[in-house]
Structures are given as structure tokens and as C-alpha cells.
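To start, the structure under review is shown below, and the notes come after it.
Here is the naming used below: chain letters follow the sequence lines, and residue numbers restart at 1 for every chain.
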Number of protein chains: 2
Amino acid sequence: MQIAIVLYDRFTALDAVGPYETLGRLPDSEVVFVAERPGPVRNDTGSLALVADKALADVPRPDIVLVPGGPGQSDQMENEVLLDWLRTADATSTWTTSVCTGSLLLAAAGLLRGRRATSHWLALDQLPKYGAQPTGERVVFDGKYVIAAGVSSGIDMGLALLGRIGGDGLAQSVQLLTEYDPQPPYDAGSPQKAPAEIVAEWRAKSRFILE
Amino acid sequence: MQIAIVLYDRFTALDAVGPYETLGRLPDSEVVFVAERPGPVRNDTGSLALVADKALADVPRPDIVLVPGGPGQSDQMENEVLLDWLRTADATSTWTTSVCTGSLLLAAAGLLRGRRATSHWLALDQLPKYGAQPTGERVVFDGKYVIAAGVSSGIDMGLALLGRIGGDGLAQSVQLLTEYDPQPPYDAGSPQKAPAEIVAEWRAKSRFILE
């Protein structure tokens, strides 16, 4: 299986690396980081670059498409080179997946119409514009579409899809080897759980950023 | 604050990117990915390269040192360029940290003598050779040393240290923005929790790999 992970300027690194480290451990698979042009691609803060080894055009028929999110997603929403590639790759993919605001790119490409989906909690309300229906789940399976919520949820998505493809034992092995026994020092990982004033602060800031 | 994240051939990507995405969100900090030589550094499977923007020699006095682990750690255990840099950087650092088998590099540099520490569960028994005492904790604070267990535990370490430096509210904000509300689809993230036959399988394979 060929797994293509899409990079673009100002993506969020953990969105890509979380599922890479889980799903990417699928035996007999090839993972390829792809971008419009090959070479280093800088993340949202600019302090990290991941290398895209191939151009989108060089990887036209991946078995699994994985689209991370990040602040740079908004600049890609009308990038027809990327959106066309997503449509073409999706036409033959076995699984089409995203993390965080990566789902908005799938949605903009027209791939989530009539589908259940999710996104970063601050971006959920944008999905209906594209005919997708936001759910409260952390990982949403709808047919061949596997859509994860914000940033770190890609780790859970990667494990869930790995189990679906390769079986429970494989996914459990990868969970054990990555020692994924999470013990967050706080319980603030969702707007339902974080202190209300922190949620309100970021909702206010995101209105400023996103609109 | 300057945060230096060390890369070397065949590191594990999530070891570096997990704490990068949490601790690296510290306001007014500068994160620098460093390696013996600047440029792309390939991870353990070879399918991903992260770019080291500076050479070790160019970043002699970081405030925080972060050493990821990975299969490539064993080739670095006698690399005096790296070990000397770790000793020098540690002499003036505020915090010296590691994820996974990165702790064995700190130990080989002589920095964990008499300290409580941890590592990937398959490497814990190597710590006493260097005078460090393995504990069963996922994240171990001992003075200025903050040592995390395998791979994904660096996310928890990054949040815990972020809270220690910048306060609970900051760490909770970062947990919320990375939507770190883990929901692993299996409960197999430690040798105590994974199916016994899977643990035994990997213990057997690691004896072959590590010795």
C-alpha cells in the first residue's frame, strides 16, 4: 500500500507525524510525503521543516491519502492544483483521511458532501458550508473517509485505521511500541473539559483569526 | 528561552514532534532543530526527514535541551561530538530533557548518574549501567532533568514541563488547542496493559535487535 501524506506551507507538524507514526507502521506499505513541489515545507510556527520527497504530480494513485491541518489550510482552499490532486487521488484511493482542518480541504474538493465528518473544534462550524455534517466524535469513519478532530487526534485515527486494515494485534503492537498510554497532566483536551474561560478566550481569538 | 531539539540519523519522529508541539508553544521562546551537521535528517524508517536548521556547534547554550530516541540512538552512544555537546549544553541549561531512548544518550554523557529516570520500556534495563535508576513513571522529574518514557510520552512530558514553566493555564490552552483528549481505540500502551503474547513477542525481538 502507498500512503501519501500531503504537506503545504504552515501545516501543523503533529497532524502529520501522529498518524505517520501509527498508520505508517503498516507492514509492506510505502509512505511518501508529498507537496506541490518537492523539498522542505515549513510548519505553522516556521521553526520546523519536513521534507516532501515527491511532488503531488509524481504520486497520482496512492492507496491512502492523508491530509493534515494547520493555519496554512485557509490559503489552500482555492488552490486548484491541490484540490484537483485530492479529487484524482480520491477517485482511486482505498481510504481518504484527514486530521484537524485537513477535513476542510477534503470538503473544499467536494469529497465530503453528504458525509459525517469532523475537524478542529474551532473549525467545526465551517463543515456544513461544504455539505458535510459535523459530529462530536474524535475519529469519524464514513465509508472510506476517516476524519479526525484536532491535531493529536490523528494518533487515535492512525491506530483505528491500522486496526481496520491490519487487524487488532498489529494496532496493539504499534500502540505498545509507541508506548501510547496517555497520561495528560491536565484534563483540558476538549472544549467540554477545559476551563470555560480558556475556551472562551480561544473562541474569541479564533473569530479574529478565522474571519 | 531557546529550546534545542537534537536530531540524528534514524531518530523516531514522534519523539521529537510530540514535545515540540506542546513545549514548543512556550511564548517568547525560540525552537531550534540541531544536528551534528545542518540539513535534512532521516528518521528510523527512512521515509521522513526533518530539517536541522543549525549545527550543534552553533547552539552551545540552549535553555532547554531535548533529546529524542529511536533505533539510531545506539549508533550515537560513542559519538563524542554529540556527547560533548550534551555535557556542555547541560552545564548551562535550565532544563535537560529526553524522550524514549534519548535518555540513554544523556546517560552515556554521564548526566543521569544518581538520578531517577526512564526510557522506552524495552530499554529500561540499560539505565543502571550508567548509574541511573529506572522508575515506572511515564514522566520523571528529577531536579532539572525531565525524562519521558517511550515515543508518545513526550507529549505528556512537554505539557507537564510547559505547565511547570509557564503555568497551568498555558499548558491547558495548549492541550485544548492540540485537542489532546486521547481516546486510543485499544488499551495496549504499556507492557502491563498489552496482551501478554504481544509483549513477549516484542521482548524476544528486542533481544535480537538490541544485543
Distance from B:Ile5 atom CD1 to A:Ser47 atom OG, nearest 0.5 Å? 7.5 Å

Can you check whether B:Leu50 reaches A:Leu50 side chain to side chain, under 4.5 Å on heavy atoms? yes

Is there a side-chain contact between B:Pro40 and A:Pro40 in this structure, where contact means two heavy atoms from C-beta onward sitting under 4.5 Å apart? no

Are the side chain of A:Glu179 and the backbone of B:Trp121 linked by a donor-acceptor contact shorter than 3.5 Å? yes

Do you know which of B:Met157, B:Arg25, B:Glu201 has the most heavy-atom pairs with chain A at a distance under 4.5 angstrom? B:Arg25

Output the distance between atom CG (A:Leu177) and atom CD1 (B:Ile198), rounded to the nearest 0.5 Å. 9.5 Å

What part of A:Val199 gets closer than 4.5 Å to chain B, counting heavy atoms only: side chain, backbone, both or neither? both

Measure distances from A:Asp168 to the heavy atoms of chain B and classify the residue's part below 4.5 Å as side chain, backbone, both or neither. both

Top contributor to chain A interface from B:Lys193, B:Gln183, B:Glu197 [non-hydrogen pairs under 4.5 Å]: B:Gln183

Select, from B:Ala49, B:Ala188, B:Gly46, B:Pro191, the one with the greatest count of heavy-atom pairs under 4.5 Å involving chain A. B:Ala188

I'd like to know which of A:Ser190, A:Ala194, A:Pro184 tops the heavy-atom pair count under 4.5 Å against chain B. A:Pro184

Hey, does A:Tyr180 have a side-chain heavy atom less than 4.5 Å from the side chain of B:Leu14? no

Of the non-hydrogen atoms in A:Val51 and B:Arg42, which two are nearest, and what is the gap between them? CG1-NH2, 4.4 Å

Quick one: pull up CH2 in A:Trp202 and CG in B:Leu176 and give me the separation to the nearest 0.5 Å. 9.0 Å

Answer with side chain, backbone, both or neither: which region of B:Thr22 has an atom nearer than 4.5 Å to a non-hydrogen atom of chain A? neither

Toward chain B, the part of A:Pro195 with a non-hydrogen atom under 4.5 Å: side chain

For chain B, find which of A:Ile155, A:Val32, A:Val139, A:Asp53 contributes the most heavy-atom pairs closer than 4.5 angstrom. A:Asp53

Using a 3.5 Å distance criterion without hydrogens, assess whether the side chain of A:Ser152 forms a donor-acceptor pair with backbone atoms of B:Thr178. yes

Single hit among B:Val17, B:Thr45, B:Thr12 for side chain to side chain contact (heavy atoms under 4.5 Å, CB included) with A:Glu21: B:Thr12

Residue pair B:Leu48 / A:Tyr20: nearest heavy atoms and the distance that separates them: CB-OH, 3.6 Å

